[in-house]
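Since the structure comes first, as structure tokens, the remarks are kept for the end.
Computed from a prediction, not measured in an experiment: that's the story for all the values here.
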Amino acid sequence: MNKFTFVAIAATSLVLVTDASAQAPKPIGLSIKAGMFMPSDATARAVAKNWVAFGLEYKITPPKVGMQKSEGDLSLSLDYIKRGGFRSIPLMLNYTVHSAGVYYGVGLGVSSTQITTTTPGNGGNGGNGGNGGNGGNGGETAYPLGSRALGDITTTTTKTRIAYAATLGYDFSSAKMPIFIEARYLGTGSKVLNGFGLFIGIRL
């Protein structure tokens, strides 16, 4: 998916969500966002430097009334990140503090992950004769799906891992639409799926 296609999808999604929110009588505590995820690991970046990402977040504590300074709340979030044979779907409990439009927070939970790698095969047993042994049995190094050669072994691992996040964002409360921008570090028990996400979204 190229950048122009991604921008078109994100813009269309925001327009549809905005139209729905205009008909809502009051906020329901749901946030919807779309953006790009940039993996920090070289193995994941070899697949693509930018991955498409989506997210939902639902506030489970009611807004505080009468607070003049910072305000904290709890929420449940669900993100979806995928590219090639790699996928992470983290479900987290978050604590977020809001102050004068700026918000920051942390999250902890679990993620349904998928990691697809290839391991060099035996090279067709090219060196099987003499002292060559099995020639190119290749060792244990794994590399991204898509760069494999004939004889390589593809392995897909699906596992539930710990997930964590750190978030920094800004709410455009003065706008007619409750739009926000957000930078979010998303990590899992596997460093291959760690990285930064940049999002734009709307609150319903």
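Atoms OG1 and CZ, on Thr188 and Arg161 in that order, are 6.0 Å from each other to the nearest 0.5 Å.
With sequence neighbours excluded, no residue forms a side chain to side chain contact (heavy atoms under 4.5 Å, CB included) with Val106. For Ser75, the side chain to side chain contact (heavy atoms under 4.5 Å, CB included) partners at least two apart in sequence or on another chain are Glu57, Asn94. With sequence neighbours excluded, no residue forms a ring pair (Phe, Tyr, Trp, His ring centres under 6.0 Å) with Phe199. Legend: residues meeting side chain to side chain contact (heavy atoms under 4.5 Å, CB included) with Tyr164, ordered by chain and number and at least two apart, are Leu108, Tyr185, Asn194. Partners of Leu91 under the side chain to side chain contact (heavy atoms under 4.5 Å, CB included) rule, at least two apart in sequence or in another chain, are Leu78.
Side-chain contact, Thr156 with Thr116: a donor N or O sits under 3.5 Å from an acceptor N or O. Thr158 and Arg87 form no side-chain donor-acceptor contact under 3.5 Å, judged by distance and modelled atom types alone. Between the side chains of Arg203 and Ser31, at least one donor-acceptor pair of N or O atoms lies under 3.5 Å.
Through direct or relayed side-chain contacts under 4.5 Å between Ile, Leu, Val, Met, Phe, Trp and Tyr, Phe180 connects to Tyr103.
When all heavy atoms are compared, the tightest approach of Gly72 to Tyr95 is CA-OH, 3.7 Å.
Within 6.0 Å of OH in Tyr58 there are 12 or fewer heavy atoms belonging to other residues, nucleotides or ligands.
Side-chain atoms of Arg45 come within 3.5 Å of backbone N or O of Ser40 as a donor-acceptor pair.
Of the residues Leu186, Leu193, Thr113, Ile89, the one that meets the side-chain contact (heavy atoms from CB on, under 4.5 Å) test with Ile81 is Leu186.
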